[in-house]
Protein chains: 2
Amino acid sequence: MNVRTLCLGILSFAQMTGYDIRKLAAEGNFSHFCEANYGSIYPALSQLTKDEFVVFTDEALDGKPPRKIYSITEKGRVHLFETLNKQPGPDRFKSEFLFYSLFQDKMPASDFRKLLVRKIAETRDTLESLEKANDCCDHGPSHFALGYGVAMNKAVLDYLKKYLASFDTTQKEATESLSDKD
Amino acid sequence: MNVRTLCLGILSFAQMTGYDIRKLAAEGNFSHFCEANYGSIYPALSQLTKDEFVVFTDEALDGKPPRKIYSITEKGRVHLFETLNKQPGPDRFKSEFLFYSLFQDKMPASDFRKLLVRKIAETRDTLESLEKANDCCDHGPSHFALGYGVAMNKAVLDYLKKYLASFDTTQKEATESLSDKD
DNA sequence: ACAAAATATATCAATTCGATATATGGTCTA
DNA sequence: TAGACCATATATCGAATTGATATATTTTGT
């Protein structure tokens, strides 16, 4: 699914600027399952305008900085739901952290522990923000997606915490068995 | 993390061809947390060769098709672990399925149900293959990452199954209340 | 013996990322 | 109240990546 469809979908909920779309996709309630940058959003909006799937009101009053508020058109709505009739592609998960974990045995134990602790903190933060959003806009269109994110992050947090505990136990045992030999 | 680092990391475990790297990243034990196509892998290997981080033996014997087996060099290994000393970037999750779910209320219930059922089947397949891999290469370097994937997919599967059940209950109630009014 | 699938390298247009440039409005504080 | 700083907002550009395709040989299945 390309950024054009993403923009069109977001605009089907409310009219907004390119800046707003980027905020939703990169920081807001949609950010845990999609992403887009200015560098793809603005060209996408230009193309959507050309295709007459969206229109914008140029709010350039009183010498204020131009502010293009985009709205979806009927034609755009039709196109969106045609697109949505196709099978969705597979989920994509990329984790630099998990890639790093492949080299766990080749780095000092304390280094990997730091990675674990940091990841736990990050996951906790993500989980909290998703739970807050889920409580807040209950019954909204993103309720299902937020619940999905909560379930995923809970499981990950649990896995990481258990791994950290077993990691520390193993390290302690290794130290003790080392001091036995001294 | 770029494809160059990905290739270098994979080659630090074993020498192999570009084709093999792509298989590992797109279908193998690493595929649930990273991805790369030929279009980025082959240029990456060229660059790594230029930088002397890898070397290849050109196995073009007896007029056979050329087959470049890449190996990491000592220089490459040093570079890899320098890179691995930096903080890993955040995980990225993209889900077209979750994007589609935003429009749940705007499509026929049976359409969304189909999406759910399909997603459940896919997740079950992914989970099974991850569990199999995890049993198989226990204690290998990807053990932690596989366990992470298993935990995540288990949670997702559980969430989806519960949602489907509640979905069907709601639909049934809606139908009954409709027939009451008839 | 033949067809189909897997192995293997490579390239290319289209897309997307990530960073940066530019400019205004609002808020905080010394 | 001046200055600093951050949020809002549009836009562009080189670099990186995707996704599809071309080509050719070997292996596997029937």
Side-chain angles (χ1 to χ4, degrees), chain A residues 1-8 10-11 15-28 31 34-51 54 56-70 83 86-87 89-94 96 99, chain B residues 1-8 10-11 15-28 31 34-51 54 56-70 83 86-87 89-94 96 99:
Chain A
M1 196 194 53
N2 55 34
V3 178
R4 277 189 309 286
T5 308
L6 177 67
C7 289
L8 202 54
I10 289 178
L11 288 173
Q15 57 170 58
M16 64 184 84
T17 67
Y19 182 80
D20 294 326
I21 292 176
R22 195 254 160 197
K23 261 189 85 173
L24 261 183
E27 301 162 34
S31 64
C34 66
E35 233 181 345
N37 300 305
Y38 296 133
S40 49
I41 289 173
Y42 284 114
L45 289 171
S46 296
Q47 188 58 52
L48 289 171
T49 305
K50 262 187 204 163
D51 294 339
V54 303
F56 63 88
T57 57
D58 209 331
E59 276 204 353
L61 305 168
D62 311 322
K64 277 184 187 175
R67 190 163 172 272
K68 297 181 178 174
I69 301 178
Y70 289 88
T83 307
K86 297 179 205 155
Q87 295 300 334
D91 289 359
R92 269 120 204 265
F93 177 68
K94 283 195 184 186
E96 222 166 296
F99 181 74
Chain B
M1 197 192 51
N2 55 33
V3 178
R4 277 190 310 287
T5 308
L6 177 66
C7 291
L8 202 55
I10 290 178
L11 288 173
Q15 59 171 64
M16 64 185 82
T17 66
Y19 182 80
D20 294 326
I21 292 175
R22 195 256 160 196
K23 261 190 84 175
L24 261 183
E27 301 164 32
S31 63
C34 65
E35 232 180 347
N37 300 305
Y38 296 132
S40 50
I41 289 173
Y42 284 114
L45 289 171
S46 297
Q47 188 58 51
L48 288 171
T49 305
K50 261 187 205 162
D51 294 339
V54 303
F56 63 89
T57 58
D58 210 331
E59 276 203 355
L61 304 167
D62 311 321
K64 279 185 187 176
R67 191 165 172 272
K68 297 179 179 175
I69 302 179
Y70 290 88
T83 307
K86 297 177 204 156
Q87 294 299 334
D91 288 358
R92 269 120 203 265
F93 177 68
K94 283 196 186 187
E96 223 166 296
F99 181 75

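Letters A, B, ... are given to chains in the order of the sequence lines, protein chains preceding strands, and every chain is numbered from 1.
Spacing between atom CG of Asn37(B) and atom P of dT21(D) amounts to 14 Å, rounded to whole angstrom units. Nucleotide dT18(D) holds its P atom 13 Å from the CD atom of Glu35(A), rounded to whole Å. For the pair Tyr70(B) OH and dA10(C) C1', the computed distance is 10 Å after rounding to whole Å. Note: CZ (Phe56(B)) to C1' (dT9(C)) measures 12 Å, nearest angstrom. Distance CG (Asn2(A)) to P (dC17(C)): 11 Å, rounded to an integer number of Å. One atom, CE of Met16(A), and another, C1' of dT10(D), lie 17 Å apart when rounded to the nearest Å.
Distance check, rounded to the nearest 0.5 Å: CD1 of Ile41(A) to OH of Tyr70(A) gives 11.0 Å. Going from atom CG of Leu48(B) over to atom CG of Leu8(B) covers 5.5 Å, rounded to the nearest 0.5 Å. If you take OG1 on Thr17(A) and CZ on Arg22(A), they are separated by 11.5 Å, rounding to the nearest 0.5 Å. One distance of note links CZ of Arg92(A) with CZ of Arg92(B); it measures 14.0 Å at 0.5 Å rounding. To the nearest 0.5 Å, the span separating CZ on Phe99(A) from CD1 on Ile10(B) amounts to 6.5 Å. Here Tyr42(A) contributes atom OH and Lys68(A) contributes atom NZ; the two are 9.0 Å apart, rounded to the nearest 0.5 Å.
At distances below 3.5 Å, at least one donor-acceptor pair connects side-chain atoms of Thr49(A) with backbone N or O atoms of Leu45(A).
Side-chain N/O atoms of Lys94(A) include none lying less than 4.0 angstrom from OP1 or OP2 on dT17(D). Checking the phosphate oxygens (OP1, OP2) of dT7(C), no side-chain nitrogen or oxygen of Lys68(B) falls inside 4.0 Å. Listed pair Thr17(B) / dT7(C) fails the phosphate criterion, with no side-chain N or O lying under 4.0 Å from OP1 or OP2. Of the side-chain N and O atoms in Arg92(B), none sit less than 4.0 angstrom from OP1 or OP2 of dT17(D).
Under the rule for a salt bridge (charged side-chain N to carboxylate O under 4.0 Å, His left out), Glu96(A) has no partner lying at least two apart in sequence or in another chain. Scanning for salt bridge (charged side-chain N to carboxylate O under 4.0 Å, His left out) contacts around Arg4(A) gives an empty result, with sequence neighbours left out. Every residue was checked against the salt bridge (charged side-chain N to carboxylate O under 4.0 Å, His left out) condition with Asp20(A), not counting sequence neighbours, and none meets it.
Bending across the helix from dA1(C)-dT30(D) to dA30(C)-dT1(D), expressed as the angle between its end axes from five pairs apiece, amounts to 50° (10° rounding).
Thr5(A) and Asn2(A) form a side-chain donor-acceptor contact under 3.5 Å, judged by distance and modelled atom types alone.
Sorted by residue number, the members of residues 38-51 of chain B with any non-hydrogen atom under 4.0 Å from DNA chain C read Tyr38(B), Gly39(B), Tyr42(B). A heavy-atom distance below 4.0 Å to DNA chain C is reached by these residues of residues 19-27 of chain B, ordered by number: Tyr19(B), Asp20(B), Lys23(B).
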